[in-house]
Amino acid sequence: SRDHPRARGCALSLPPSRKRSAPQAPRLSLHLIPGPPATVPSARSARPSRGPRDWTGSIMGSVASRSACALPLLLLLLLQAERPRGAELTFELPDNAKQCFHEDVEQGVKFSLDYQVITGGHYDVDCYVEDPLGNTIYRETKKQYDSFTHQAEVKGVYQFCFSNEFSTFSHKTVYFDFQVGDEPPILPDMGNRVTALTQMESACVTIHEALKTVIDSQTHYRLREAQDRARAEDLNSRVSYWSVGETIALFVVSFSQVLLLKSFFTEKRPVSRMVHS
């Protein structure tokens, strides 16, 4: 029959019936009927269809992978950003002393000097800057802090000095930041570009400017903290010495009062001398 699994694709036809004289076995003739061509499931057809959630997950994964690849590039650009040449130093300046520093500057290059007295005396110091020809281009006396910017007109070694010669016993601590040249752009050919910055480049520039602001704020607060700490320690030492002096004076006054009161209640008996003739 056609329902049998092995007879699929075949048709059975029976011959016409003859006389009932003698029963004969029926003859079977097979006629092959071509069936549909066998198909092999391909890899694409074997994949299940994606729903909207699957597409959303794939898009989010691609965005996350792109951001993960962009983060190291952003950090690399920030780390490779060049900084202007200069020095930042905190040093001790004894009384009746002068300390000088030297820096080689090219012609036409701009340099800046920021300084501040952290501890000592009235928190003041003398400062002056000289060019390679010996001309004084900046001079200030008894300044607690100041800033100076100048464009070098002559190539050579510039000298800037801090003097505490007007003080006889005050020991000073001075901080200064000397920078030479303008800061180069964070991205190559940034100043000569005609097209607008991409989103990543704009983010790099914004983060770089924010980090510069954070560094300046940290330096300012660090100097203020050191200055306030020095004042607090000086005030603490003065209070301690004053307390020790008051304690000693209190003991001396108490002992003197005890001796004075004791002398009031002490009876002095006259001493009789017998004169023998």
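All values below were derived from every heavy atom in this structure, side-chain atoms included, with hydrogens, water molecules and symmetry-related copies excluded.
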Q199, CD: over 12 other non-hydrogen atoms inside 6.0 angstrom: no

K110 and H150: CA distance, side-chain angles, deciding distance, side chain to side chain contact (heavy atoms under 4.5 Å, CB included) verdict: CA-CA 6 Å; K110 184 183 297 183; H150 181 74; over 6 Å; no

Separation of D177 CG from Q116 CD (nearest 0.5 Å): 11.5 Å

Side chain to side chain contact (heavy atoms under 4.5 Å, CB included) assessment of F111 paired with T149: CA-CA 6 Å; F111 63 89; T149 303; over 6 Å; no

Q144, CD atom: more than 12 neighbouring heavy atoms under 6.0 Å: yes

Full working for side chain to side chain contact (heavy atoms under 4.5 Å, CB included) between V109 and V180: CA-CA 7 Å; V109 178; V180 180; 3.8 Å; yes

Value rounded to 0.5 Å, distance of NE2 in H220 from CG in D216: 10.5 Å

Path from F176 to F148 over hydrophobic side-chain contacts below 4.5 Å: yes

Axial cation check for F166 ring with K142, 6.0 Å and 45° limits: yes

Closest non-hydrogen atom pair between G121 and S170, with its separation: CA-OG, 3.7 Å

Other cluster members, V253 - Ile/Leu/Val/Met/Phe/Trp/Tyr, side-chain contacts below 4.5 Å: none

same_hphob_cluster(I137, F162) at 4.5 Å side-chain heavy-atom cutoff: yes

Connected hydrophobic set around L261, excluding itself, where side chains approach under 4.5 Å: L260, F264, F265

Distance (rounded to the nearest 0.5 Å) between D131 CG and T136 OG1: 8.0 Å

Evaluation steps, ring-ring contact (aromatic ring centres under 6.0 Å, His included), between F178 and F160: CA-CA 10 Å; F178 188 79; F160 57 99; 4.7 Å; yes

Y138 versus E130, side-chain donor and acceptor atoms under 3.5 Å: no

Within-4.5 Å side-chain heavy-atom neighbours: Y175 and E88: yes

Given D124, D95, T119, the one that forms side chain to side chain donor-acceptor pair (under 3.5 Å) with K172: D124

Within the 6.0 Å centroid threshold, strictly below: Y115 and Y145: no

The single option from Y158, Y128, F91 passing ring pair (Phe, Tyr, Trp, His ring centres under 6.0 Å) against F101: F91

Side-chain heavy atoms of Q179 within contact of D114, under 4.5 Å: no

Verdict with reasoning, T173 to L93, per side chain to side chain contact (heavy atoms under 4.5 Å, CB included): CA-CA 6 Å; T173 302; L93 187 61; over 6 Å; no

Path from V157 to L89 over hydrophobic side-chain contacts below 4.5 Å: no

Note, E153 side chain near Q107 side chain (heavy atom, < 4.5 Å): no

Aromatic Y123 / basic R231 pairing, under 6.0 angstrom, 45° off normal: yes

Interatomic spacing from OG1 in T90 to CD1 in I118 - rounded to 0.5 Å: 4.5 Å

Side-chain donor-acceptor contact under 3.5 Å, D126 with T141: no

Contact summary for A152 and V105, nearest pair of heavy atoms: CB-CG1, 3.7 Å

Check SG atoms, C161 and C100, less than 2.5 Å apart: yes

Side-chain touch K98/N164, heavy atoms, less than 4.5 angstrom: no

Greater than 12 external heavy atoms within 6.0 Å of H122's NE2: no

Of all pairs that satisfy side chain to side chain donor-acceptor pair (under 3.5 Å), the ones with a partner from residues 239-255, not counting sequence neighbours: W242-E246

